[in-house]
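Read through the structure below, which is laid out as structure tokens, and then see the notes.
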Protein chains: 2
Amino acid sequence: MSIRISDVAQEAGVSPATAARVISNKGYVSDKKRAQVEQAIKKLGYVPNRIASSLRTNKPYFIGHVVEMPAENPFFSVICNTINETAEKAGYHVLTALKQGTQAKERAVIENLISLMVDAMIFTGNTASDADTIDWIQSRGISVVMIERPSYGSRVDAVLLDSYRGATLAMEHMIARGHREIGFLGMKHGQHEVEYQRYHGYRTALADHGLEPGPEWVGFVPDYTVEHGRQAINEMLRGGKIPTSLFITSDVLACGALQALYEHGIKVPDDLSIVGFDNTLSSICSPRLTSIEMQLEQAGAAAVEMILERKEGLRTGVKKVMLSPVLVDRGSVRDLTQSAEKT
Amino acid sequence: MSIRISDVAQEAGVSPATAARVISNKGYVSDKKRAQVEQAIKKLGYVPNRIASSLRTNKPYFIGHVVEMPAENPFFSVICNTINETAEKAGYHVLTALKQGTQAKERAVIENLISLMVDAMIFTGNTASDADTIDWIQSRGISVVMIERPSYGSRVDAVLLDSYRGATLAMEHMIARGHREIGFLGMKHGQHEVEYQRYHGYRTALADHGLEPGPEWVGFVPDYTVEHGRQAINEMLRGGKIPTSLFITSDVLACGALQALYEHGIKVPDDLSIVGFDNTLSSICSPRLTSIEMQLEQAGAAAVEMILERKEGLRTGVKKVMLSPVLVDRGSVRDLTQSAEKT
DNA sequence: TTTCAGTGTGATAACGTTATCACAATCAGC
DNA sequence: GCTGATTGTGATAACGTTATCACACTGAAA
């Protein structure tokens, strides 16, 4: 069924060793024999068997990627795409393992990847794995990179997205445009450091300007889904008085918010200004929203590059990369300073 | 570095063959030795090496998935998810290969998957590969399933989504609610059979009711993107008179359309009714749209099951599965018959 | 006691690749 | 014509697994 390197060698009238040298471009081969082998490869349609090669060399060129990918939220699929692209360029193949949340499940996924001999693993988003598991993986010579999972201390490489800075950018944007009544919609931050940073950035920015949010303008949801965003805003609207602007820490939530506002006939940005977060759906919804680009593409690429660095022996110490977010202005924040002049 | 089956055997005081029997649950092993081996596995943290196993058995339990996944359009990532899930349940691992469009690129991706010894390949969406390439893959004993790629005739298994029926459902929904002026926004259908079916369903439904669309109400875009949807509607609005409803053959396009309408202050469904297609973004946008659910989840699962059928020798002939779409009503079509009564 | 099926165990040889040898052959410099 | 480096080639042994033998041992039927 499958064509082996020895078939190629036979066809070309050389030894398997010589054929192997041609294929891997290593060692000395005369021009004549090289040409013979290349022709045989073409004729037989030979494709090297990477599985056998992996086994022999102990270098499968596999990177495992553990991630949860909700269909509704493109946040993670963006990272998936860049990881794949960057890895492919370096000759690695990405084994994406979609986990389902629980710790036991994640353990199974990790064992699966180990059984496939992965050179490295990337973990994206929230995890249930404890530090012992991470140690166990690393003890097998598998390098580990965490994306947006800051809680493992100094034992692993990590790519971090500066959520605090992101929140600050959003707030500065709104405050500079004259907003003083700024609401917040985000995710409950129990152990979620990242979520806390977004809220913390919000409160700090307000405090820096001597502002305090009305308590009815701050909402927390258990999860980033459209439906939660919708419900939260509906509840806020039931309260009566609304702020002049809202900082929403996820575009998915913001989409839900826009639905509720649409139903109530509240225009964005005329009646209410909004800044979203992560810049994933903000160019899809209507109206398009000003949002915080968290550099997801760079994050995926950076993770892969950190792995390559280690593989090539360029680095042994632990490295943390912190990416700086950028505000993408799509005009969903009304300029109150201008309109005040006009009236 | 890695713990081998022989290490487990030594720890348990048995031969590697016996340890292998315990691990693979095949052949006779006494309860006593089984217990010893199981304990040794636990103690050493042994994880079987699937690469070696694949090589030996010639059954890697890999399914390759060739697909293009634009970040903006969740259509394909939904299919990815179910393929992964279904395959994982059957003990297969999915190698997702993101292709970049050109024929040469797709060929490289296919060779890559062959080198990984995949048991089967799934192709989703438009491809550049010709029939020869598909024959070549199959000649290596690799089974092939096409999702939403109808043009290969009778040589390969395929999962088809009934676009014509989907269009019919959308049209019946609008016509039943009294709409007679129904516009169309879709993709150019050069060789794209699927796209043609959607347009064909639209025209046929109209004709069945003795209707003809105003020519300025029919738009074609080169690609399913938000921006194209937006531009197309902007152009339609420039024409002046608009229809009472629009059938848009992709939710991504519909999202762009909603942006244009929002900017012009045209309310959905009060001023204009819309039915979307594929039901991917229609619960995210505002307002939420009535859309045609194309059964993407079932499609992915069906593709995997067709592969399993073949592997288990339950089938040798070519099989085509046609999935029937369903309309999901989210109220984005105004009932003109009722409002006529009211006035 | 012999026979035979069933139960239990270990040695061994592959799967397709590649790293490491060993050994020629060539050619320059003395 | 000898040394030593460079160039070129093939045999061979692994990588970790598992399928196939071969060979025991048990208990029951003849």
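Chain letters run A, B, ... following the sequence lines, proteins first, then strands; residues in each count from 1.
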Give a yes/no answer on whether the side chain of [X] brings an N or O atom under 4.0 Å of OP1 or OP2 in [N].
X	N	result
B:Ser30	C:dT9	yes
A:Ser53	C:dT17	no
B:Thr18	C:dT9	no

Q. Can you tell me if CD on B:Gln39 sees more than 12 non-hydrogen neighbours from other groups inside 6.0 Å?
A. no
**Q.** Which atom of A:Val318 lies closest to which atom of A:Arg310, heavy atoms considered
**A.** CA-NH2, 3.8 Å
Side chain of [X], heavy atoms from C-beta onward: which of [options] has the nearest atom to it?
X	options	answer
B:Lys33	D:dT9, C:dG10, C:dT17	C:dG10
B:Tyr46	C:dT18, D:dT9, D:dT17	D:dT17
B:Val29	C:dT17, D:dG10, C:dT9	C:dT9
B:Tyr28	C:dG8, D:dT18, C:dG16	C:dG8
B:Thr57	D:dC15, C:dC15, D:dT18	D:dT18
A:Lys26	C:dG16, C:dG8, C:dA19	C:dA19

Spacing between [X] atom [atom1] and [N] atom [atom2], to the nearest angstrom:
X	N	atom1	atom2	value
B:Lys32	D:dC25	NZ	P	16 Å
B:Tyr61	D:dT18	OH	P	11 Å
A:Met117	D:dG16	CE	C1'	8 Å
B:Asn25	C:dG8	CG	P	14 Å
B:Asp31	C:dG8	CG	P	8 Å
B:Ile5	C:dT12	CD1	C1'	15 Å
A:Leu116	D:dG16	CG	P	16 Å
B:Gln10	D:dG16	CD	P	14 Å

Salt-bridge test for [X] and [Y]: reply yes if a basic N is under 4.0 Å from a carboxylate O, no otherwise.
X	Y	answer
A:Lys42	A:Glu38	no
A:Asp119	A:Lys59	no
B:Glu106	B:Arg149	yes

Q.
Taking the axis from the first five pairs and the axis from the last five, what angle separates them in the helix from C:dT1-D:dA30 to C:dG29-D:dC2, rounded to 10 degrees?
A. 60°
Q: Go through the side-chain N and O atoms of B:Glu88 and A:Asn112 and say whether any donor and acceptor fall under 3.5 Å apart.
A: yes
Q. Does any non-hydrogen side-chain atom of A:Ile5 lie less than 4.5 Å from one of A:Asn49?
A. no
Q. Do B:Arg56 and D:dT17 share a donor-acceptor pair, side chain to base, under 3.5 Å?
A. no
Q. Between the base of C:dG10 and the side chain of B:Arg21, is there any donor-acceptor pair under 3.5 Å?
A. yes
**Q.** Most 5' of B:Leu55 and B:Gly13 on DNA chain C, judged by nearest nucleotide
**A.** B:Gly13
Q.
When you measure from the side chain of B:Arg140 to the backbone of B:Ile142, do you find a donor-acceptor pair of N or O atoms at a distance under 3.5 Å?
A. no
